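Being a predicted model, the structure only gives us computed values, none of them experimental. Note on naming: letters A, B, ... go to the chains in the order of the sequence lines (proteins, then strands), and numbering restarts at 1 for each one.
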There are 2 protein chains.
Amino acid sequence: MPWAGRAARVSRLRPQSPEDLPTREDLLLAAAYVLDAQYNRNVPFETSPQAIRLYYFYNHWTTQVATYFFICVDLALALFEEPALFPLPFLATSIAEILCLTAFFGRLIHFAKITPQMVFWKDTKNICIMVTIVLTLIDLIIYGSLESINVRSIRWSRALRPVFLINFPESRQIRRAFRSLRNTLPDILYVFLLFMFSVLMFSLMALKLFGDRGLKTAEGSPYFENILEIAFELYVLVTTANSPDVMMPAYDFNWWYSLYFIIYIIINTYIFMSVFLAVVYNNYRKHLKNEIRKLAYLKRHKMIAAFNVLKVKVGTDFVVEEAQWRRLAQVVAPDMSSAHLELLLRISDEGQKGHVDKMNFLRLADLLNIHVVTISIKRHPLEAWMPRVYQSSASLLVQKMVRHRIFVWVFDVIILINAIFIALDEKNSLISYAEWLFLSLYIIEILLKLYTYDPKAYFERKQFWNWFDTLIIIAALVATVANATIQSAREYNSQQILDIVLILRILRLLRVIVSIRRFRVIVTTLINIGPAMLTFGGLVFVVYYVFAIVGMEVFHGKVQFFDPNFTAPDALVCGNPALQGSAFARGRYCKNNFNDLASAFTVLTELTVVNQWHVLANGFALVTHQAAKLYFILFHIVVVILIVNIFIAFVLEAFFVAYSLEKSEVETAIEKKIQELGVGIQEEELQDGKLTDDVDTKDRGLHGDDGDNKRKALKGLYCRIASKKYRTVDALLQQMFESEIAPEDEGPALDEILNFSPSDMCPKNPNFENSA
Amino acid sequence: MPWAGRAARVSRLRPQSPEDLPTREDLLLAAAYVLDAQYNRNVPFETSPQAIRLYYFYNHWTTQVATYFFICVDLALALFEEPALFPLPFLATSIAEILCLTAFFGRLIHFAKITPQMVFWKDTKNICIMVTIVLTLIDLIIYGSLESINVRSIRWSRALRPVFLINFPESRQIRRAFRSLRNTLPDILYVFLLFMFSVLMFSLMALKLFGDRGLKTAEGSPYFENILEIAFELYVLVTTANSPDVMMPAYDFNWWYSLYFIIYIIINTYIFMSVFLAVVYNNYRKHLKNEIRKLAYLKRHKMIAAFNVLKVKVGTDFVVEEAQWRRLAQVVAPDMSSAHLELLLRISDEGQKGHVDKMNFLRLADLLNIHVVTISIKRHPLEAWMPRVYQSSASLLVQKMVRHRIFVWVFDVIILINAIFIALDEKNSLISYAEWLFLSLYIIEILLKLYTYDPKAYFERKQFWNWFDTLIIIAALVATVANATIQSAREYNSQQILDIVLILRILRLLRVIVSIRRFRVIVTTLINIGPAMLTFGGLVFVVYYVFAIVGMEVFHGKVQFFDPNFTAPDALVCGNPALQGSAFARGRYCKNNFNDLASAFTVLTELTVVNQWHVLANGFALVTHQAAKLYFILFHIVVVILIVNIFIAFVLEAFFVAYSLEKSEVETAIEKKIQELGVGIQEEELQDGKLTDDVDTKDRGLHGDDGDNKRKALKGLYCRIASKKYRTVDALLQQMFESEIAPEDEGPALDEILNFSPSDMCPKNPNFENSA
């Protein structure tokens with residue numbers, strides 16, 4: 001097999017996957033090709049040609065970090081361009097932007113080199129990036145030349161900058177969230193039209209019912225006399241932001257008119273908003289299922305391809321020889337301990353026949369993905385260093401004490417007392433000294449724990465709360481000492497450091513939660529879905545950025561914030577007489593403006609929270625034009641009706657998966673096998689059928705491995721399967737779905753897999769389970 | 001079998017069911033006992049003893065309507081008692097209340113007579129009613145005696161009145177909603193505690209960060225200086241009602257402090273509120289599934305019991321003889337046509353052997369439940385009356401015209417033109433004449449349709465939109481004529497009638513929706529779940545009533561509404577100087593008070609909508625005591641966090657069922673059999689795999705039955721299965737679940753069924769379907 005062909009194959013792996021990052025299966029398949037070449041044709045691995053080197057370089061962390069860096073710089077430019085938080089001349093920002101564009105273009109060229117042309121040009125991501133680069137350059141040139149003759153124009157291409165973020169391979173989660181958004185649109189469109197129809201019908205009714213009554217609002221302006229204004233007010237009422245004010249004039253006039261508003265709210269706020277959520281959630285689920293199914297079949301497909309590359313015929317069956325299997329595993333997971341490898345082989349080669357059959361080979365990716373922790377009955381470092389002292393009766397007593405439940409309770413009580421002290425007035429010097437006492441108590445606690453438990457196990461990657469504890473205490477210690485130093489040196493409290501100390505002090509209280517089991521379950525679920533929630537952070541950031549750039553172009557400078565102590569006559573109307581008497585000025589909302597990126601983001605956050613958004617919309621409409629309200633309505637539709645609902649759908653789904661795991665353990669075949677071999681230490685026992693908690697886990701992981709000689713079967717290695725608690729929703733779903741694919745099922749053809757659509761998902765009769 | 005025993009058995013049917021109303025299975029089982037007695041022991045049916053007569057009388061519609069009436073009177077008493085909308089002397093209301101109590105007591109005695117003592121005393125509903133009657137009497141006596149010596153005390157028992165509504169057998173849907181509420185409580189409690197912990201931690205942080213900055217709010221009051229006030233403000237911020245005002249002082253002081261509020265909102269508003277919904281929804285689903293399962297097994301159980309009563313041995317199998325089967329069906333469904341009965345028999349007795357086997361007998365309840373419409377190729381009444389004229393070419397042309405699609409489109413256009421005319425100024429006399437034109441066009445449309453289609457089919461029970469059309473037009477006609485009459489007679493427009501005419505005129509526009517298919521699907525789903533939504537109306541009514549009574553006792557008279565034209569100095573502060581300068585007075589919220597039941601309900605609605613609830617809470621706290629805020633917080637927790645979330649969960653679930661039906665038809669065995677026999681006319685054909693719509697259905701039902709002689713098989717009877725579209729969510733779920741019980745599965749024992757709990761529902765491994 002010539003190298004060129006192999007390189008093409010290696011790089012073909014990328015676009016085959018619905019997402020870009022190489023998965024464990026991709027690596028296995030690539031390694032299989034490499035091994036095949038080495039083994040059969042004796043081509044040494046080092047002679048890999050330029051294409052392969054380019055491929056590795058493209059995926060190297062340095063180039064990825066560099067790309068991230070340039071994306072950040074590009075996005076951050078908005079902070080320095082007019083209207084700027086930190087103004088820089090146009091020349092400086094435009095040079096920085098051109099640098100970024102060059103970097104993006106370079107990366108694109110790099111990618112084109114390692115990808116077959118056909119595939120490269122088919123990928124919309126590449127086209128997007130290219131078009132954006134060209135548009136940005138055009139905009140820069142136009143703006144620059146107009147600037148040179150002192151004509152101010154609009155830097156419209158700035159709104160396109162998030163395109164680079166979205167199309168970066170690592171941002172596949174954000175792209176996925178965007179896909180969710182796009183998939184939801186067609187279904188939600190009809191509900192939205194119906195909803196708008198309903199709002200318009202009610203507006204017409206309101207115009208007829210209240211229009212010529214001559215009613216006045218609380219501010220004395222005419223009430224419900226213009227159909228467009230009514231429609232806007234009623235749209236605001238759907239968001240509940242102007243309830244009950246919008247109703248009061250009619251209600252004051254006649255009690256019966258309140259029924260109009262109540263019916264309106266029931267239909268449009270309660271029913272339609274629930275229907276929006278239902279449609280979004282239904283769509284989210286449908287597409288999630290489809291993607292998971294696609295991923296599961298793709299994985300199967302790649303593993304079969306890898307098997308076909310490496311298989312040899314033994315008897316009537318095709319198998320992979322043990323030596324080949326070992327080499328493959330070592331290439332893919334070079335830092336795996338040999339004991340671990342041995343374990344995996346024993347699981348894969350059940351009969352110890354010297355080869356691995358197809359069924360077991362297909363599992364290899366899962367086997368390698370299982371995070372196996374080797375728990376040798378390791379001694380505490382101190383014990384190794386000075387066994388006498390560590391094993392002395394006083395030392396053993398201390399260890400026993402620390403391991404006792406009462407130790408935890410005592411510190412919970414201390415934390416609660418600390419909370420009371422924090423709430424009390426701090427000027428009392430006794431109390432500020434008590435703070436030192438608490439701090440030292442916490443430090444003693446951590447030291448005692450480190451004395452008792454193996455520090456390496458204590459600071460294991462998944463021990464979230466131990467890390468949390470230690471970091472908080474160390475940070476508090478550093479900040480408190482720093483503050484004390486500054487205070488004694490200059491007789492003055494640094495406000496920033498004091499603030500930080502205060503926050504750290506209060507964050508310590510969080511530890512009480514961990515002691516209560518029911519709370520821990522909820523918090524663990526929340527921490528679990530945390531990373532995926534950041535995806536929505538990315539999505540929201542992109543949408544905010546675009547709206548902020550547009551908002552800054554349209555509204556900057558229209559509203560000014562004056563220091564509250566500054567008594568200019570304009571201060572009360574935010575420097576704009578048009579705001580005289582408006583709710584915007586009355587609410588002292590002057591700082592809610594679009595004069596720089598940070599302020600714009602804050603305003604957009606307030607709009608996301610919805611309340612008083614109509615005051616902001618009206619205020620900015622007053623200083624520009626009534627049409628400015630459209631900007632705010634559009635933001636509401638995109639962010640509140642779409643994104644927030646997708647976020648809620650996501651949380652709902654994540655909690656369902658978490659709850660269904662609580663009810664019954666999903667043990668995959670692989671995990672069972674580890675148990676069968678008698679080398680598994682299950683990280684958690686089921687207590688009352690519920691998920692157990694970190695503390696139990698920690699305790700058991702640390703000293704739950706006494707006795708039970710059966711476990712010492714395999715060269716002193718104990719396997720603990722990485723906690724299910726910290727797996728992502730996707731991983732769990734994929735696992736569940738995979739357990740439904742029969743082991744002998746080869747899945748549909750590749751093209752078919754890539755073109756799965758949610759609608760051909762449910763040809764079978766829906767059963768009770770999926771609808772109830 | 002002695003009569004007493006049988007009566008006991010008949011009445012025992014009631015408490016066996018988890019709910020009270022006799023179902024089709026109950027009737028079948030009861031009838032089986034009666035038939036058994038008649039057939040085997042020759043006891044004539046007429047000699048049924050008093051117990052049976054009492055039982056029938058208890059379930060008679062007159063006694064049920066009477067009970068409803070007394071419940072309504074009892075609840076309505078709050079309108080006439082102090083603080084009253086229409087004041088009546090205490091003597092009058094107390095006599096009315098005693099009458100009601102007597103009626104309730106009588107009904108309870110009646111129920112006790114027909115129920116075994118053990119069962120009667122085990123039922124908490126009966127105990128509840130009795131305790132409430134006693135408590136109400138005690139309260140009446142105390143209040144009455146204090147009143148007679150002119151001491152005003154509190155009529156606390158009024159808050160208990162909804163107990164009668166809840167415990168009335170017909171209110172089982174409300175009880176079910178209450179059960180949902182109760183079931184959700186334990187799970188939500190921990191989330192709520194965690195949430196409160198988070199709010200308190202943030203309050204502490206806010207106190208420390210902002211407490212001694214000396215900041216002022218927009219109103220000039222001190223900002224964040226008291227931990228209780230901070231906690232309240234932050235709780236309000238969770239509901240978003242005071243965003244961004246609560247943030248502005250800190251934000252104005254330093255940009256970075258806005259981060260504190262943004263983090264707070266993300267954690268508490270977005271994440272915690274979503275988790276509340278997730279927990280509520282998860283619970284709702286779990287318990288819904290459990291109830292459906294219980295109902296399905298109970299039904300199976302009763303049908304087996306009925307079979308066992310009637311079975312005779314033929315050969316090796318037990319069967320029910322045809323004659324016995326016929327008698328049973330006639331007793332249970334006396335008004336069924338003989339052709340229909342014949343059809344059912346042919347379905348049940350497949351081999352025409354003269355008896356029905358067990359498997360088919362168990363289906364009898366479902367068979368009888370299927371709404372079979374006989375579609376004889378009936379002629380239009382006009383055709384029968386004057387065939388010549390009706391079949392003349394002119395008449396046929398008219399009919400063809402009306403049936404054409406363009407006919408619908410023309411009227412859609414007319415409606416849209418009508419909408420424009422409505423939006424235009426009405427004072428123009430041309431436009432007000434145009435209204436007459438539109439009205440007559442609509443009337444002509446209906447007449448033409450009645451001419452073309454069989455009026456009986458046009459006004460069939462399920463033809464919602466035909467009814468809607470006709471009623472709206474007739475009402476508009478009556479109101480317009482009435483208004484014209486009054487106007488010409490007295491030269492004056494009655495405002496009420498004009499309002500009604502306007503609303504009717506605008507409601508007509510709704511018809512446009514029906515012409516657009518995608519809209520119709522959404523609207524049909526909404527209409528479908530409408531009745532079940534009324535359940536929530538009941539639940540909300542009960543909760544509102546209790547809160548309104550309490551609110552009226554605590555807050556009545558504290559806030560007064562003055563007519564806007566009345567210029568008393570107190571009018572601006574709602575008659576209470578304590579409100580001077582408060583947001584309550586500034587917002588002109590004086591009419592939001594608890595001075596009578598109607599006002600109280602309006603205030604509670606506003607609190608449910610959430611926005612500005614803190615202004616109301618603060619206002620009422622000012623006129624009474626700070627502790628009054630607890631009333632408003634409690635209301636928020638009960639109504640917004642619990643009930644509204646359950647409502648959303650319900651809508652989500654209903655939409656999922658509706659969507660999964662869109663994807664694949666759930667055809668039960670029975671429906672298939674009807675098709676096999678070739679006598680079924682499926683009401684709907686699947687178009688593009690979607691639910692078809694009313695118009696198509698109507699058209700096909702009316703003239704889709706030409707040709708196809710095969711269908712004429714069974715004595716000219718055509719069966720159309722009642723539309724699935726209008727089935728409730730529960731019915732669909734139950735059907736789905738039943739299709740999962742194997743036909744030979746006898747189900748668990750009765751006691752086991754009644755004690756099903758959601759936690760023993762999922763012993764099997766969750767599969768991909770139920771979690772994704």
Among B:Pro249, B:Ser599, B:Ser258, B:Ser274, who wins on heavy-atom pairs under 4.5 Å with chain A? B:Ser274

Between A:Tyr260 and chain B, which part of the residue has a heavy atom less than 4.5 Å away: side chain, backbone, both or neither? neither

Paired with B:Leu652, the side chain to side chain contact (heavy atoms under 4.5 Å, CB included) test is passed by just one of A:Asn282, A:Leu652, A:Val275, A:Val279, namely A:Leu652

Ranked by heavy-atom pairs below 4.5 Å to chain B, first place among A:Leu277, A:Thr217, A:Ile227, A:Ile265 goes to A:Leu277

Given a strict heavy-atom distance threshold of 4.5 Å, which part of A:Tyr257 is in contact with chain B: side chain, backbone, both, or neither? side chain

Top contributor to chain A contacts, counting heavy-atom pairs under 4.5 Å, from B:Asn242, B:Leu510, B:Leu237: B:Leu510

Interface check, chain A: of B:Ile271, B:Leu207, B:Asn254, most non-hydrogen pairs under 4.5 Å belong to B:Ile271

When heavy-atom pairs shorter than 4.5 Å are enumerated against chain A, which of B:Ile266, B:Val610, B:Thr608 gives the highest number? B:Thr608

Name the region of A:Phe261, side chain, backbone, both or neither, that has any atom closer than 4.5 Å to a heavy atom of chain B. neither

Measuring heavy-atom distances to chain B, does A:Val644 have an atom under 4.5 Å in its side chain, in its backbone, in both, or in neither? side chain

Separation of B:Leu259 CG from A:Thr602 OG1 (nearest 0.5 Å): 8.0 Å

Can you tell me which portion of A:Thr605 sits under 4.5 Å from chain B's heavy atoms? Options are side chain, backbone, both or neither. side chain

Side chain from CB out, backbone as N, CA, C, O: work out which of these in A:Ser203 comes under 4.5 Å of a heavy atom of chain B, or both, or neither. neither

Heavy-atom cut-off 4.5 Å, strictly under: side chain, backbone, both or neither for A:Met201 against chain B? both

A:Trp613, part contacting chain B, at a heavy-atom distance under 4.5 Å: neither

Greatest number of non-hydrogen atom pairs under 4.5 angstrom with chain A, of B:Arg588, B:Met248, B:Arg586, falls to B:Met248

Atom OH of residue position B:Tyr190 - does it have more than 12 heavy atoms of other residues, nucleotides or ligands inside 6.0 Å? no

So what's closer than 4.5 Å to chain B heavy atoms on A:Phe197: side chain, backbone, both or neither? side chain

Select one option (side chain, backbone, both, neither) describing which atoms of B:Met273 are under 4.5 Å from chain A's heavy atoms. neither

Check each atom of A:Arg213 against the heavy atoms of chain B and say whether the ones under 4.5 Å are side chain, backbone, both or neither. side chain

Check whether B:Leu616 gets within reach of chain A through its side chain, its backbone, both or neither, counting any heavy atom under 4.5 Å. neither

When rounded to the nearest 0.5 Å, the distance separating CD1 of A:Ile648 from CD1 of B:Ile648 is 7.5 Å

Please flag which part of A:Leu200 lies under 4.5 Å from any non-hydrogen atom of chain B: side chain, backbone, both or neither. neither

A:Val609 versus chain B, heavy atoms under 4.5 Å apart: side chain, backbone, both or neither? both

Rounded to the nearest 0.5 Å, what separation is found between the CD atom of B:Glu606 and the CG atom of A:Asp245? 9.0 Å

Cut-off 4.5 Å, heavy atoms of chain B, and the answer for A:Ile506 is both

Of the backbone (N, CA, C, O) and the side chain (C-beta and beyond), which part of A:Leu193 lies under 4.5 Å from a heavy atom of chain B, both, or neither? both

